[in-house]
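The analysis underlying the following values was restricted to heavy atoms, covering all of them including side chains, and did not include hydrogens, waters or symmetry mates. Just so we're clear, the structure is a prediction, and the values are computed from it rather than from any experiment.
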Amino acid sequence: MSRIGKKPIEVPEKVTVKIADGVVNVQGPLGMLKYAIPKGVSVVQEAKAILVKRDDDSLSSRSMHGMFRTIVDNMVQGVTKGFTKELDIIGVGFRAEVKGKELHLALGFSHPVIFPFPEGVTIKVDKQTHLVVSGSNREHVGETAAVLRKLRLPEPYKGKGVRYSNEVVRRKVGKAAAGASGGK
């Protein structure tokens with residue numbers, strides 16, 4: 001048995017879970033999420049908990065057991081607390097600002113980068129160089145943060161670019177000065 005898969009998922013009072021037609025619907029204070037139940041896994045709702053069980057011991061059922069339990073747990077956490085990712089913009093003249101439902105970024109290109117907000121994700125800008133991506137769906141928040149980071153990856157020489165707030169960029173030493181060798 002999967003150690004993660006057999007743990008019950010506790011459902012808070014503010015959250016309602018409905019299991020019907022092969023879909024799990026989770027609704028809470030921060031919104032509603034739904035996910036299709038994969039083959040080989042079944043979901044059972046008890047009084048204050050949800051149990052994810054596998055139908056048989058096939059390889060596909062075993063691989064989906066723990067993963068689907070984690071997905072349902074993330075759905076419950078997402079509609080109660082939500083998820084956030086923080087990014088920092090490093091570089092002279094690099095900045096961001098929110099205009100309506102769009103994020104306008106100046107990342108050292110000849111043109112501004114305009115990034116529309118995905119559905120269900122909000123982006124806040126602090127001090128023009130700190131971004132907070134938040135939402136109830138963990139997949140969407142992580143994907144949005146990864147796409148923003150990919151717009152200008154942190155480079156190893158000066159460290160310029162978009163990076164996660166807790167990310168450490170390994171720095172490289174640049175070229176030695178041309179006149180240091182003493183000859184031609």
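Side-chain atoms of S61 never come within 3.5 Å of backbone atoms of D57 as a donor-acceptor pair (strictly under, hydrogens ignored). A donor-acceptor pair is defined here as one N or O able to donate and one able to accept, closer than 3.5 Å; no such pair exists between the side chain of R163 and the backbone of I89.
Pairs engaging residues 129-155 under the salt bridge (Lys or Arg N to Asp or Glu O under 4.0 Å) rule: R149-E167 [sequence neighbours left out]. Residue pairs meeting the salt bridge (Lys or Arg N to Asp or Glu O under 4.0 Å) criterion with at least one partner in residues 27-47, sequence neighbours excluded, do not occur; the list is empty. Annotation: salt bridge (Lys or Arg N to Asp or Glu O under 4.0 Å) contacts involving residues 81-100, sequence neighbours excluded, comprise E97-K99.
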CA sep, side-chain torsions, deciding dist, call: M64, R54, side chain to side chain contact (heavy atoms under 4.5 Å, CB included): CA-CA 8 Å; M64 291 303 293; R54 61 177 180 230; over 6 Å; no
Audit row: V17, V72, side chain to side chain contact (heavy atoms under 4.5 Å, CB included) steps and yes/no: CA-CA 10 Å; V17 178; V72 174; 6.0 Å; no
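Annotation: side chain to side chain donor-acceptor pair (under 3.5 Å) contacts of T80 (sequence neighbours excluded): none. By the side chain to side chain donor-acceptor pair (under 3.5 Å) test, T84 is found to be paired with no residue, residues two or more places apart in sequence or in another chain being considered. Taking D73 as the reference, Q77 meet the side chain to side chain donor-acceptor pair (under 3.5 Å) condition, with sequence neighbours excluded. D126 meets the side chain to side chain contact (heavy atoms under 4.5 Å, CB included) test with H130, V132; sequence neighbours excluded. Shown here are the side chain to side chain contact (heavy atoms under 4.5 Å, CB included) partners of V76, two or more places apart in sequence or in another chain: I9, P12, V26. Shown here are the side chain to side chain contact (heavy atoms under 4.5 Å, CB included) partners of T70, two or more places apart in sequence or in another chain: I4, N74. Remark: I114 engages E102, H104 in a side chain to side chain contact (heavy atoms under 4.5 Å, CB included) (not counting sequence neighbours).
Atom-to-atom distance recorded for H111:NE2 and L105:CG is 10.5 Å, nearest 0.5 angstrom.
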